[in-house]
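Keep in mind that the numbers below use all heavy atoms, side chains included, and drop hydrogens, waters and symmetry copies.
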Amino acid sequence: MCGLPLVEDPNIIIGMESGDDAGVYRLSDELAIIQTVDYITPIVDDPYTFGQIAAANALSDVYAMGGRPVTALNIVCFPISKQHVAVLQDILRGGLEKLREAGVALLGGHSVEDEELKFGLAVTGVVHPAMIVARDTPQLGDKLILTKPIGTGIVTTALKGGVAELADLETVYLSMSTLNKQASELMVESGCHACTDVTGFGLLGHACGMIEDSGFGMEVFLSAIQLFSGTTEYAGMGLVPAGARRNRDFRRHQVEAACELSDEMWDVLFDPQTSGGLLIAIPPENAGAFLATLHGNGVADAAVIGEVVAEPKGRILVKE
Amino acid sequence: MTEVDVRGLSCPMPVIKTKQALDSVESGDEVLVILNDATARDNVTRLAKSKKCTISEEVREDEYHLTLTKG
């Protein structure tokens, strides 16, 4: 979109310039709509599970803004001449069940024939204009809480390589198909200052996006970051998705390491996630209670992984 | 010697194809991997080290020729 003139509208609250997780448009003083779209190629073998994961992944951007998703449209690209329609039916069923769980109405969708299968959703949500949670508004001293472990890209790459352990895969599938709904509702109640969901740019990629224009810096504690079982082993075998290196090359200048970081660990920190957790900036005085509330409400893997500091401005310091 | 040409393939295919080749040969056998991407070269090297292979690398213009001897 670089260089293309955008349509201006005074009701745009969060638009393209922000690069936030979704767009937000004011309808009235009390109501704004959130719009987002996301679709992915298969990362798991089972069609129903793929549908569940793709749906959870698409809904996540609304949750990251502190909103409530209300309607969705399917986006389907399917090789109908090469794969049986029953595969598509299972994908759609998986997506529909996840929407039912989220309380979101499916209003329709669009499909095209495509050699490469893709599935996802366009999602509309609602939020009060005063309650929007943006990406780039963390405050000095905020604790950073991550609600899911990282490593989905590496573990699913290990699946492609035929080496992933079934237990490791099942843990990742469950996490990827888990909605960020509960975490989102609780973060709004707890007075969070900023949030982004951790997806294709990896943990450090999305963290850089949160901090770069905030006027503050970020410290991230390596030992506090939870990894899915098998992540470091598979990364050590070179089973790393292409996106990890692209993410790292794009943001490397914004990240300093105050501790020894192996090449594998750099890949893990920039590993592109599918349907990852929320990275939430919460006032320090609320962080302990918020974390306990998350744990008590099924967000068992939530952990404090860092904090917002004065320096280095717009950059991340990775510590042990 | 088994030859694996992964030029033009995106990660993780170079690693996956190299692993398949290594799995198909005996200890002491050689696998020649031909690559044209530095990231793929790094990842294949990492795989080879994790599999206890000895690695001999030759750089030719835009290509990397890795001779892996299975451990």
Is atom [atom1] of [X] surrounded by more than 12 heavy atoms (other residues, nucleotides or ligands) closer than 6.0 Å?
| X | atom1 | result |
| --- | --- | --- |
| Y39(A) | OH | no |
| E58(B) | CD | yes |
| K17(B) | NZ | no |
| E165(A) | CD | no |
| F201(A) | CZ | no |
| H84(A) | NE2 | no |
| R246(A) | CZ | no |

Exercise for review: Decide, yes or no, whether a salt bridge links R245(A) with D37(B) under the criterion of side-chain N to carboxylate O below 4.0 Å.
Suggested key: no
Practice item. May I have the step-by-step check of side-chain contact (heavy atoms from CB on, under 4.5 Å) for K19(B) and M237(A), ending in yes or no? Key: CA-CA 9 Å; K19(B) 183 182 179 300; M237(A) 293 171 66; 4.1 Å; yes
Exercise for review: Name the region of D267(A), side chain, backbone, both or neither, that has any atom closer than 4.5 Å to a heavy atom of chain B.
Suggested key: side chain
Check your understanding: Considering only heavy atoms, which portion of E264(A) lies under 4.5 Å from any heavy atom of chain B: side chain, backbone, both, or neither?
Key -> both
Review point. Can you check side-chain contact (heavy atoms from CB on, under 4.5 Å) on L239(A) and I16(B), steps first, answer last?
Key: CA-CA 8 Å; L239(A) 289 161; I16(B) 289 171; 4.2 Å; yes
**Study point:** Residue selection (most heavy-atom pairs with chain A, distance under 4.5 Å) from A48(B), P12(B), P14(B)
**Key:** P12(B)
Review point. Do you know which two heavy atoms are closest between G236(A) and S50(B), and how far apart they sit?
Key: O-CB, 3.7 Å
Exercise for review: Counting only heavy atoms closer than 4.5 Å, note whether K51(B) contacts chain A via side chain, backbone, both or neither.
Suggested key: side chain
Review point. By a 4.5 Å heavy-atom criterion (distance strictly below it), what part of D42(B) contacts chain A: side chain, backbone, both, or neither?
Key: side chain
Point to revise | Evaluation steps, side-chain contact (heavy atoms from CB on, under 4.5 Å), between T39(B) and R248(A) | key: CA-CA 12 Å; T39(B) 301; R248(A) 183 167 150 184; over 6 Å; no
